[in-house]
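Written below as structure tokens is the structure these notes are about.
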Amino acid sequence: MFVVFPDTSAVADYVSATLVNTIKSKPDAVLGAATGGTMEPIYACFIDKVRQQQLDVSRLTFFNLDEYVGLGVDHSQSYAAYMREHLFRHLSFNAARLYLPDGQAKSLEEHCRDYSARMQQHGGTDLQLLGVGSNGHIGFNEPGTAFDSRCHVVELSERTRIDNSRFFAEDEIVPASAITMGMQDIMDAREVLLVATGKNKAPILARYFESEVTEAIPFTILKKHPRVKIILDEAAASLLPARVFQRAAAA
Ligand code: F6R
């Protein structure tokens, strides 16, 4: 289901309210977290709501989608640093319940197996937040990734490295590989919210709508998920036929 909001702040308001409702109904919920530009206003809005409503977040568990291979927690562009900066340092989470793939693990393969196993021990996520790449990737599952994959190491596509170079300084090189939750780890979620904002996401949203379920456009797998919402702003929805989406006001 596509739900379209007037702008990014209305999107952030709605998605953060959904997170808050999840916590209220299940204070020990397991949440799947994404990084990237799309999530920044959402986390900011979530922090405000948690503070205003004085919610207890200490029983929540987080599993992050992905991490660059080779970047440690102190590298400013690691996703560990992103999560610390945009979410974790602002609220009283239990650090022992915040899981991120370790881009510097000694054996990446073993680490991936453990990460996926740990997610499964938790019964998968209650709510998985996703952004989408301009090539349709979710997590770092690039086009062609097997739908039955679990957490694994991926070579990043040229498209993704170019898209993400905007976060890196001019003299920094975007890593060539990353660890990502697999497609099955994502599909184990009981509920999925995929969020896309801005006009550069409009073409891939249109392809999603027109396409059958195919590994060539990874996020088409979501057409098979029983509980998924695709949350868009007007710009991201601009190439979709108006009859297929529902317009909404802020939450
Ligand atoms: C990040 C992630 C990626 C991003 C996607 C969109 O953890 O999993 O799939 O969600 O690349 O990134 P932005 O939001 O920067 O356009």
Side-chain angles (χ1 to χ4, degrees), residues 7-9 11-12 15-16 31-46 62-69 71 73 75-88 98-103 112 115 119 125 127-145 149 151-168 174-175 177-187 189 192-205 207-208 217-222 228-233 235-237:
D7 52 30
T8 51
S9 63
V11 166
V15 177
S16 58
L31 301 173
T35 63
T38 313
M39 296 297 146
E40 288 179 24
I42 293 170
Y43 292 143
C45 219
F46 174 70
F62 278 80
F63 281 98
N64 255 77
L65 276 165
D66 41 18
E67 180 60 284
Y68 291 111
V69 167
L71 301 196
V73 293
H75 189 288
S76 63
Q77 291 314 318
S78 71
Y79 286 165
Y82 173 105
M83 290 306 291
R84 191 172 60 231
E85 189 51 36
H86 294 288
L87 182 59
F88 294 155
L98 307 177
Y99 297 104
L100 285 116
D102 177 1
C112 288
Y115 196 77
M119 286 190 69
T125 58
L127 178 65
Q128 176 68 56
L129 274 184
L130 295 174
V132 62
S134 63
N135 62 3
H137 73 216
I138 46 178
F140 271 141
N141 293 287
E142 298 282 34
T145 304
S149 58
C151 183
H152 61 287
V153 176
V154 288
E155 293 306 309
L156 296 177
S157 69
E158 205 44 37
R159 177 74 268 150
T160 297
R161 294 184 72 206
I162 291 169
D163 284 350
N164 287 7
S165 61
R166 71 190 195 280
F167 296 114
F168 287 76
V174 182
S177 55
I179 300 175
T180 183
M181 267 186 208
M183 299 297 273
Q184 270 311 309
D185 299 312
I186 292 171
M187 288 295 276
V192 176
L193 281 188
L194 182 137
V195 189
T197 53
K199 68 175 185 328
N200 64 328
K201 298 290 169 68
I204 197 66
L205 263 303
R207 281 185 70 203
Y208 173 93
I217 309 174
F219 78 131
T220 56
I221 197 175
L222 299 178
V228 58
K229 271 189 195 161
I230 300 189
I231 311 296
L232 306 173
D233 66 355

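This one's a predicted model, so the numbers in the text were calculated from it and none came from an experiment. Residue numbers run from 1 in the order of the sequence given. One-based numbering, in listed order, for ligands and for the atoms of each.
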- Centroid separation F62 to Y99 less than 6.0 Å: no

- Write out the residue and atom name of the closest protein heavy atom to atom 10 (O) of ligand 1, then the distance separating them to 0.1 Å. G131 CA, 3.3 Å

- ligand 1 contacted by K201 (non-hydrogen, < 4.0 Å): yes

- Note on the structure: Nearest non-hydrogen protein atom to atom 6 (C) of ligand 1, with distance, is V132 O, 3.4 Å

- Task: May I ask you to identify, for R166, whether its side chain, its backbone, both or neither come under 4.0 Å of ligand 1 on a heavy-atom basis?
- Result: side chain

- Any donor-acceptor pair under 3.5 Å linking the side chain of S16 with the backbone of I42? no

- Message: With a 6.0 Å cut-off on the ring centroids, do Y79 and Y68 count as close?
- Response: yes

- Task: Check if F167 has a non-hydrogen atom at a distance under 4.0 Å from any atom of ligand 1.
- Result: yes

- Can you find an N or O of L130 that's nearer than 3.5 Å to an N or O of ligand 1? no

- Tell me, please: is E67 in heavy-atom contact with ligand 1, that is, under 4.0 Å? no

- for atom 3 (C) of ligand 1, nearest protein heavy atom and its distance come out as G139 O, 3.5 Å

- Message: Under 3.5 Å between any N/O of N164 and any N/O of ligand 1: does that happen in this structure?
- Response: no

- Query: Given that the side chain starts at C-beta and the backbone is N, CA, C, O, which of these parts of T35 lies under 4.0 Å from ligand 1, counting heavy atoms, or is it both or neither?
  - Reply: both

- Item | V132 vs K201, side-chain contact (heavy atoms from CB on, under 4.5 Å): CA-CA, chis, key distance, verdict | CA-CA 8 Å; V132 62; K201 298 290 169 68; 4.3 Å; yes

- Can you check whether F167 and Y82 have ring centres sitting under 6.0 Å from each other? no

- For atom CZ of R159, decide whether the heavy atoms of other residues, nucleotides or ligands shown that lie under 6.0 angstrom number more than 12. yes

- Considering only non-hydrogen protein atoms, determine which one is nearest to atom 14 (O) of ligand 1 and report residue, atom name and distance to 0.1 Å. T38 OG1, 2.4 Å

- Task: Check each heavy atom of D66 against ligand 1 and say whether those closer than 4.0 Å belong to the side chain, the backbone, both or neither.
- Result: side chain

- Message: Can a donor-acceptor pair be found, under 3.5 Å and without considering hydrogens, that links the side chain of N141 to the backbone of M181?
- Response: yes

- Message: Go through it in stages, so that I can follow the logic: the residues are H137 and T160, the test is side-chain contact (heavy atoms from CB on, under 4.5 Å), and I'd like the CA-CA distance, side-chain angles, deciding distance and then a yes or no.
- Response: CA-CA 9 Å; H137 73 216; T160 297; 3.1 Å; yes

